[in-house]
S.K.: 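Let me begin by handing over the structure; questions about it come next.
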Amino acid sequence: MGGRGSSSGAKGGSGGGKFSGTNAQGQARVFYDKTQEFAGMSMHEFENAIRSRPHEYIGGFDDKGNLIVAGTSRSNGSVIVPTGHPEFSKITTLTHNHPSDSRRPLGGTLSEADVKILGRYGNLNSMRAVANGRGEHSYIMQQSYGKTANHAGIMSAAIKAEKSGQLTRMGQAAVAKFQKNVGRPLTESEMNRAFIGGMKNAWSAIARQNGFDYVRLKKAPW
């Protein structure tokens with residue numbers, strides 16, 4: 001995966017430019033600032049504004065729900081984290097969209113890259129991904145109330161899951177179980193939802209072990 005203008009109450013750049021950012025591996029990349037386009041939006045409004053876009057967008061919010069920065073990497077498969085923004089350290093929540101395509105027709109859930117980013121930056125206490133399509137939701141990994149977040153632990157777990165294929169195996173097992181129960185070939189939509197369900201179980205266990213909760217929310221109708 002991977003401010004509003006002062007006249008509208010945003011914190012940070014005016015939008016439209018570009019500055020440095022990093023990908024899930026910590027490598028430097030270019031981030032295109034589009035903050036001005038989303039000026040004045042709440043997190044809920046921002047997520048609904050980006051949910052159906054063909055490219056991934058990301059927004060960073062502070063602990064009061066103010067948008068600090070928003071933008072894109074102009075890719076449908078990933079978005080850069082805007083670490084070069086002067087107020088990045090104030091961001092506590094990153095949220096982004098997962099465009100639907102042939103690889104993830106319903107947008108999927110949180111990826112290993114998403115969780116690695118949550119673990120890499122100690123100022124973050126929440127990572128969110130929103131997806132569009134029938135049966136789709138918003139996916140959140142957030143610090144558990146009253147618990148200490150283990151950022152190093154969540155990052156290590158995400159790296160291990162990625163290398164071992166843990167989430168893929170649990171997703172495939174869920175698909176096989178569902179198909180056995182219904183006794184017929186599954187539609188693409190059914191397969192994807194079953195696969196996501198298996199991944200959700202894996203993420204939930206990883207989150208609990210490191211002071212986080214994994215949450216799946218039904219998207220707002222508007």
S.K.: When clusters are formed by joining ILVMFWY residues with side-chain heavy atoms under 4.5 Å apart, either directly or through shared neighbours, do I196 and M191 land in the same one?
M.R.: yes

S.K.: I'd like to know if M170 and I154 are part of one continuous hydrophobic network [Ile/Leu/Val/Met/Phe/Trp/Tyr, side-chain heavy atoms within less than 4.5 Å].
M.R.: no

S.K.: Could you check whether F88 and Y121 have their ring centres less than 6.0 Å apart?
M.R.: yes

S.K.: Of all the heavy-atom pairs spanning T72 and H55, show the shortest one and how long it is.
M.R.: OG1-CB, 4.1 Å

S.K.: Could you pull out the closest heavy-atom pair between V69 and P82, with the gap in Å?
M.R.: CG1-CG, 3.7 Å

S.K.: Test T93 against L124 for side chain to side chain contact (heavy atoms under 4.5 Å, CB included), laying out the working first.
M.R.: CA-CA 6 Å; T93 295; L124 299 180; over 6 Å; no

S.K.: Under a 4.0 Å N-O cut-off, is there an ion pair linking K90 with E87?
M.R.: yes

S.K.: If you measure from the Lys or Arg side-chain nitrogens to the Asp or Glu carboxylate oxygens, is any gap between R193 and E188 under 4.0 Å?
M.R.: no

S.K.: Among side-chain atoms of S111 and D114, is any donor-acceptor pair under 3.5 angstrom?
M.R.: yes

S.K.: Would you call E37-R53 a salt bridge at under 4.0 Å N-O?
M.R.: yes

S.K.: Applying side chain to side chain contact (heavy atoms under 4.5 Å, CB included), run through W203 and L167 and close with a yes or a no.
M.R.: CA-CA 8 Å; W203 277 139; L167 273 72; 3.1 Å; yes

S.K.: Strictly below 4.0 Å, N to O, side chains only: are K116 and E162 in salt-bridge contact?
M.R.: yes

S.K.: Let me check something: do M155 and L118 share a hydrophobic cluster, defined by ILVMFWY side-chain heavy atoms less than 4.5 Å apart, either directly or through other members?
M.R.: no

S.K.: Going from NE2 on H137 to OG1 on T109, what distance comes out if it is rounded to the nearest 0.5 angstrom?
M.R.: 10.0 Å

S.K.: Specify the closest pair of heavy atoms between I58 and F31, including all atoms of both residues, with the distance to one decimal.
M.R.: CG2-CE1, 3.4 Å

S.K.: Walk me through it: do I140 and S126 pass the test side chain to side chain contact (heavy atoms under 4.5 Å, CB included)?
M.R.: CA-CA 7 Å; I140 305 166; S126 178; 3.8 Å; yes

S.K.: A cation-pi test, strictly: NZ or CZ of R128 under 6.0 Å from the centre of the six-membered ring of Y139 and no more than 45 degrees from its axis. Yes or no?
M.R.: no

S.K.: Among residues at least two apart in sequence or on other chains, which ones pass ring pair (Phe, Tyr, Trp, His ring centres under 6.0 Å) with F195?
M.R.: none

S.K.: Going through the checks in order, is the side chain to side chain contact (heavy atoms under 4.5 Å, CB included) test met by Q179 and R184?
M.R.: CA-CA 6 Å; Q179 184 161 336; R184 59 168 173 77; over 6 Å; no

S.K.: Going by the ring-ring contact (aromatic ring centres under 6.0 Å, His included) test, which pairs reach into residues 149-178, not counting sequence neighbours?
M.R.: H151-F212

